[in-house]
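Quick notes on the structure that follows.
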Amino acid sequence: MSDEERRDSLADQAAAWVPPWDRPRPPAADTAAASTASEPDEPDEPDEERGTDRLAPLPVTVPPSTLEDLGSKVPLQGPESSKISAEPGAEKSRGAADVPSRPVAGRRRVMAAPEPAPELSDTELRGALEAILLVVDEPVSELILAQILEQPAERVGPMLDEIAAGYTAAGHGFELRRAAGGWRLYTRPEYATYVERFVLDGQSVRLTQAALETLAVVAYKQPVTRSRISAIRGVNCDGVIRTLVTRGLVEECGTEQDSGAFLYRTTTLFLEKLGLNTVDELPPLAPFLPDDVEELADATR
């Protein structure tokens, strides 16, 4: 065969080749035939007449064998490839692994803003504060009360002062006062005898004279070391210090920089038992000192 005849044969074959999408459709399955029996067949039109810019592709049923043959021989490009891949059954023939997964954009979860707590009236605020103060076992600060009641701290402080003034004016057997940085209800000193008689009922645990003296030294000289306390009292006070620490009246608060000895100070329980807010409210020592204290101090040097 000459070169001209070979070229004519290839040209005839290229002219006679029909794309797969323009070939006559083979008979569909029973289910497809049942669904399409009621619908009239539309004549196939060339793509150039129909146009490729359509909203939805025309339904074309392509058997899996045709797709495999088409995919292995003719690479699909352009809009026609999207037509065939969009037909029902095409995804099944290609397999789940060949279908590209489309990322799903995450949805931002909108959190609803918490509703503000309702503002209590003065009567409700007073009642809530009194209810809490009746059950506390230690002084509670204004900030904690404001957080519990979800009310501004600017309202809680003045209301506590008003409650305390009301109790005093009414002559109740108890009073509300500041102690150890917080607020707590206390019985009035003039009724202490009756309260002790009811609470103790003949059983009283009192601090010894040595413990009281040691506690006074710690309260007025804190922070102070055990050696300094022993020097002031003139006796060894190690056992007394352990007793006060066990009772929760004294605690360690670090070490001395020079000697490394432990330093001691009074606790919040000490202030609570004495009904004091800070150690600055302790009475001055000057009225209780002897007149010749300066001479005694010079003699001990």
* To do: Indicate yes or no: at least one non-hydrogen side-chain atom of L133 is less than 4.5 angstrom from one of L160.
  => yes

* Between E281 (side chain) and N277 (backbone), is there a donor-acceptor pair under 3.5 Å? -> yes

* Structure fact -> Sorted by chain and residue number, the side chain to side chain contact (heavy atoms under 4.5 Å, CB included) partners of E213 (sequence neighbours excluded) come out as Q209, R233

* Using the rule that two of Ile, Leu, Val, Met, Phe, Trp, Tyr join whenever any of their side-chain heavy atoms come within less than 4.5 Å, decide whether L274 and L185 are in one cluster. => no

* Could you go step by step and tell me if I132 and L149 meet the side-chain contact (heavy atoms from CB on, under 4.5 Å) rule? -> CA-CA 10 Å; I132 294 174; L149 300 178; 3.9 Å; yes

* To do: Tell me, with the steps shown, if V235 and V240 meet side-chain contact (heavy atoms from CB on, under 4.5 Å).
  => CA-CA 11 Å; V235 293; V240 180; over 6 Å; no

* To do: Evaluate the ring planes of H172 and F174, with Trp represented by its six-membered ring, and classify them as parallel (under 30°), tilted (30 to 60°) or perpendicular (over 60°).
  => parallel

* Shortest non-hydrogen contact between A180 and P139, atoms and distance -> CB-CG, 4.1 Å

* **Distance-minimising heavy-atom pair for C237 and T214** => CB-OG1, 4.3 Å

* Student check: side-chain heavy atoms of W183 and V136 closer than 4.5 Å -> no

* Asked: To the nearest 0.5 Å, how far apart are CD in Q151 and CG in L145?
  -> 11.5 Å

* Asked: To the nearest 0.5 Å, how far apart are OG1 in T268 and CD in E251?
  -> 7.0 Å

* Report the residues that fulfil side chain to side chain contact (heavy atoms under 4.5 Å, CB included) with A146, sequence neighbours left out, ordered by chain and then residue number. => A153, V156

* Asked: Roughly how far apart are L263 CG and K221 NZ, rounded to 0.5 Å?
  -> 14.5 Å

* Asked: Say you draw a straight line from CG of L129 to CG of L134; how long is it, rounded to the nearest 0.5 Å?
  -> 11.0 Å

* To do: Not counting sequence neighbours, list each pair that qualifies as a salt bridge (charged side-chain N to carboxylate O under 4.0 Å, His left out) and has a residue in residues 160-172.
  => R126-E162

* side-chain hydrogen bond (donor to acceptor under 3.5 Å, both in side chains) partners of Q147, counting only residues at least two apart -> none

* **Pairs flagged by side-chain hydrogen bond (donor to acceptor under 3.5 Å, both in side chains) wherever residues 129-140 is involved - sequence neighbours left out** => E130-Y167

* To do: Run the numbers on S121 and T123 for side-chain hydrogen bond (donor to acceptor under 3.5 Å, both in side chains), then give the verdict.
  => CA-CA 5 Å; S121 63; T123 303; 4.8 Å; no

* Asked: Is V279 reachable from V245 through a run of hydrophobic residues whose side-chain heavy atoms are each under 4.5 Å from the next?
  -> yes

* Asked: Under 3.5 Å, side chain of Q222 to main-chain N/O of A219, donor-acceptor pair present?
  -> yes

* Distance (rounded to the nearest 0.5 Å) between Y264 OH and T225 OG1 -> 9.5 Å

* Structure fact -> Between the OG1 atom in T168 and the CD1 atom in I163, the distance rounded to the nearest 0.5 Å is 12.0 Å

* Is there a path of hydrophobic side-chain contacts, each under 4.5 Å between heavy atoms of I, L, V, M, F, W or Y residues, that connects L276 with V140? -> no

* Can you name the residues that form a side-chain hydrogen bond (donor to acceptor under 3.5 Å, both in side chains) with R226, not counting sequence neighbours? -> none

* E119 vs L125 side-chain heavy atoms within contact, under 4.5 Å -> no

* Flag, side chain of T267 to backbone of G248, donor-acceptor distance under 3.5 Å -> yes

* Would you say E190 has more than 12 foreign heavy atoms packed within less than 6.0 Å of its CD? -> yes

* Minimum side-chain heavy-atom gap L215-F270 below 4.5 Å -> yes

* Give a yes or no on whether Y194 atom OH has more than 12 heavy-atom contacts from other residues, nucleotides or ligands under 6.0 Å away. => no

* Heavy-atom side-chain proximity of L207 to L249 below 4.5 angstrom -> yes

* Spell out, yes or no, whether Y220 and L271 are grouped together once hydrophobic residues are joined by side-chain heavy atoms under 4.5 Å, including indirect joins. => yes

* **P158 side chain reached by E142 side chain, heavy atoms, under 4.5 Å** => no

